[in-house]
Undergrad: 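Here it is, the structure, as structure tokens.
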Amino acid sequence: VNIAAGVTIGSTSTATAALTTGPFASGSSIGINNAGRIAGKGGDGGDDTGHNLNNCPNKDGKQGGNALDLQCSGVTVTNSGTIGGGGGGGGAGAELGGGNPCTAFRAGSGGGGGAGSTPGAGGSNGAPKGGKAGNAGTANAGGTGGNTAGCVVNCTIIFVSFGPYTPGSGGNGGALGQPGSAGATANGFVDTGVCTQGAGGAAGCAIKTNGNAYTLSGTAVLGPVCP
């Protein structure tokens with residue numbers, strides 16, 4: 001298989017690798033000469049959507065997709081281009097729980113999307129009152145996490161001032177082959193809400209071997225080589 005410079009082989013789903021060899025018979029000799037780009041899809045950023053009083057299911061950034069999936073042994077990869085797993089999505093920032101002295105709730109900001117052939121989407125802010133949505137990734141760089149501008153909480157109770165309190169900002173998405181960053185904690189008050197900061201998503205595999213022997217020469221891949 002010859003992939004020319006300027007050609008991109010990618011994926012629109014983190015569940016599907018950009019390029020899969022297929023299950024060739026034992027003893028087959030398969031060559032992949034890559035001068036172009038083989039890249040997995042970027043992982044989406046985390047956010048506070050879908051949370052309830054008990055859990056916050058979407059706060060973590062999503063894992064990026066795999067680039068090259070080897071379904072047989074004997075593959076020789078000669079790389080002068082780019083082979084990279086999708087970047088992981090950034091985690092959502094922690095919410096500012098309503099247990100603060102101002103009794104004000106603010107959702108955390110969304111995480112940035114990971115880099116990839118199809119970049120990951122930024123996470124939303126998750127609620128009508130909250131931080132900013134994260135930014136989508138690009139082909140090579142992760143998107144920045146949402147900030148907390150406009151989310152500052154201050155109050156005065158019986159002549160005593162409290163604040164400023166803010167929810168956490170979202171973590172940045174990972175570059176091609178890199179994990180996303182975790183979201184930040186809430187500021188100025190210990191978070192009492194169910195949505196603590198989200199973890200960054202893992203990078204997709206540059207090469208997933210499935211236990212198959214292979215040979216790689218030329219430019220190093222971006223991201224982990226996975227069993």
Side-chain angles (χ1 to χ4, degrees), residues 1-46 61-90 111-123 134-145 171-181 200-227:
V1 177
N2 297 311
I3 302 168
V7 174
T8 295
I9 296 179
S11 177
T12 58
S13 171
T14 55
T16 303
L19 179 63
T20 301
T21 62
F24 287 88
S26 177
S28 298
S29 180
I30 311 299
I32 299 174
N33 302 307
N34 178 51
R37 181 181 178 86
I38 305 171
K41 183 190 180 300
D44 294 339
K62 305 304 185 289
Q63 182 172 350
N66 299 336
L68 179 58
D69 191 322
L70 304 181
Q71 295 289 319
C72 62
S73 295
V75 177
T76 299
V77 181
T78 304
N79 184 41
S80 59
T82 298
I83 300 175
S117 54
T118 302
N135 296 285
T138 66
N140 294 306
T144 55
N172 294 335
L176 198 66
Q178 296 297 313
S181 300
C205 305
I207 301 176
K208 182 169 177 57
T209 69
N210 298 297
N212 292 304
Y214 73 101
T215 301
L216 172 67
S217 63
T219 306
V221 298
L222 302 177
V225 175
C226 308

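For reference, positions follow the sequence shown, starting with 1.
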Undergrad: Determine the sole option in Asn79, Asn2, Ile3 for which the side-chain contact (heavy atoms from CB on, under 4.5 Å) test with Asn33 is passed.
TA: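 Single pass found, and it is Asn2.
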Undergrad: Side-chain donor-acceptor contacts of residues 113-122 below 3.5 Å, not counting sequence neighbours, with atom names and distances?
TA:
from: Ser117; atom 1: OG; to: Ser11; atom 2: N; distance (Å): 3.1
from: Ser117; atom 1: OG; to: Ser11; atom 2: O; distance (Å): 3.4
from: Ser117; atom 1: OG; to: Ala39; atom 2: O; distance (Å): 2.9
from: Ser117; atom 1: OG; to: Gly40; atom 2: O; distance (Å): 3.4
from: Thr118; atom 1: OG1; to: Ser11; atom 2: O; distance (Å): 2.9

Undergrad: Can you sort out the partners of Ser73 under side-chain hydrogen bond (donor to acceptor under 3.5 Å, both in side chains), two or more places apart, ordered by chain and number?
TA: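 Ser73: side-chain hydrogen bond (donor to acceptor under 3.5 Å, both in side chains) contacts with Asn212.
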Undergrad: First locate atom CZ of Arg37, then atom CG of Asn140, and finally report the distance between them rounded to the nearest 0.5 Å.
TA: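 Here the rounded value is 4.5 Å.
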Undergrad: Taking C-beta and beyond as the side chain, do Val225 and Leu216 meet within less than 4.5 Å on heavy atoms?
TA: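 No. Closest side-chain heavy atoms not under 4.5 Å.
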Undergrad: If every non-hydrogen atom of Ala206 is compared with every non-hydrogen atom of Gly223, which pair is closest and at what distance?
TA: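 Taking every non-hydrogen atom into account, CB-O, 3.8 Å.
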Undergrad: Say you draw a straight line from OH of Tyr214 to CG of Leu68; how long is it, rounded to the nearest 0.5 Å?
TA: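 These two atoms lie 9.0 Å from each other.
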Undergrad: Calculate, to the nearest 0.5 Å, the distance between atoms CG and OG1 belonging to Leu176 and Thr138 respectively.
TA: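 Atom-to-atom, Leu176:CG and Thr138:OG1 are 9.0 Å apart.
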Undergrad: Should Asn34 and Val77 count as side-chain neighbours, where that means a heavy-atom distance under 4.5 Å?
TA: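 Answer no - side chains too far apart.
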Undergrad: Please report the closest heavy-atom contact between Lys208 and Pro227, naming both atoms and the distance.
TA: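 Looking at all heavy atoms of both residues, the shortest contact is NZ-O, 3.0 Å.
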Undergrad: OG1/Thr14 to CG/Asp44 distance, rounded to the nearest 0.5 angstrom?
TA: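 Between atom OG1 of Thr14 and atom CG of Asp44 there are 7.5 Å.
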Undergrad: For Thr76, check side chain to side chain contact (heavy atoms under 4.5 Å, CB included) against everything at least two apart and list the hits.
TA: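 Applying side chain to side chain contact (heavy atoms under 4.5 Å, CB included) to Thr76 gives Thr78, Thr215.
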Undergrad: Only counting residues at least two apart or in another chain, list the ones meeting side chain to side chain contact (heavy atoms under 4.5 Å, CB included) with Thr20.
TA: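 Counting only residues at least two positions away or on another chain, Thr20 forms a side chain to side chain contact (heavy atoms under 4.5 Å, CB included) with Ala17, Asp69, Gln71.
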Undergrad: Taking only residues two or more places apart in sequence, or in another chain, which ones meet Ser29 in a side chain to side chain contact (heavy atoms under 4.5 Å, CB included)?
TA: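 In terms of side chain to side chain contact (heavy atoms under 4.5 Å, CB included), with neighbours along the sequence ignored, Ser29 is linked to no residue.
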Undergrad: With sequence neighbours left out, what residues match Asn135 under side chain to side chain contact (heavy atoms under 4.5 Å, CB included)?
TA: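 So Asn135 forms a side chain to side chain contact (heavy atoms under 4.5 Å, CB included) with Thr144.
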Undergrad: Looking at every heavy atom in both Gly85 and Ala67, which two are closest together, and how far apart are they?
TA: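 Scanning both residues, the minimum pair turns out to be N-CB, 4.1 Å.
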Undergrad: Starting at CG of Leu222, measure out to CD1 of Ile207 and round the result to the nearest 0.5 Å.
TA: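 Result: 10.5 Å between the selected atoms.
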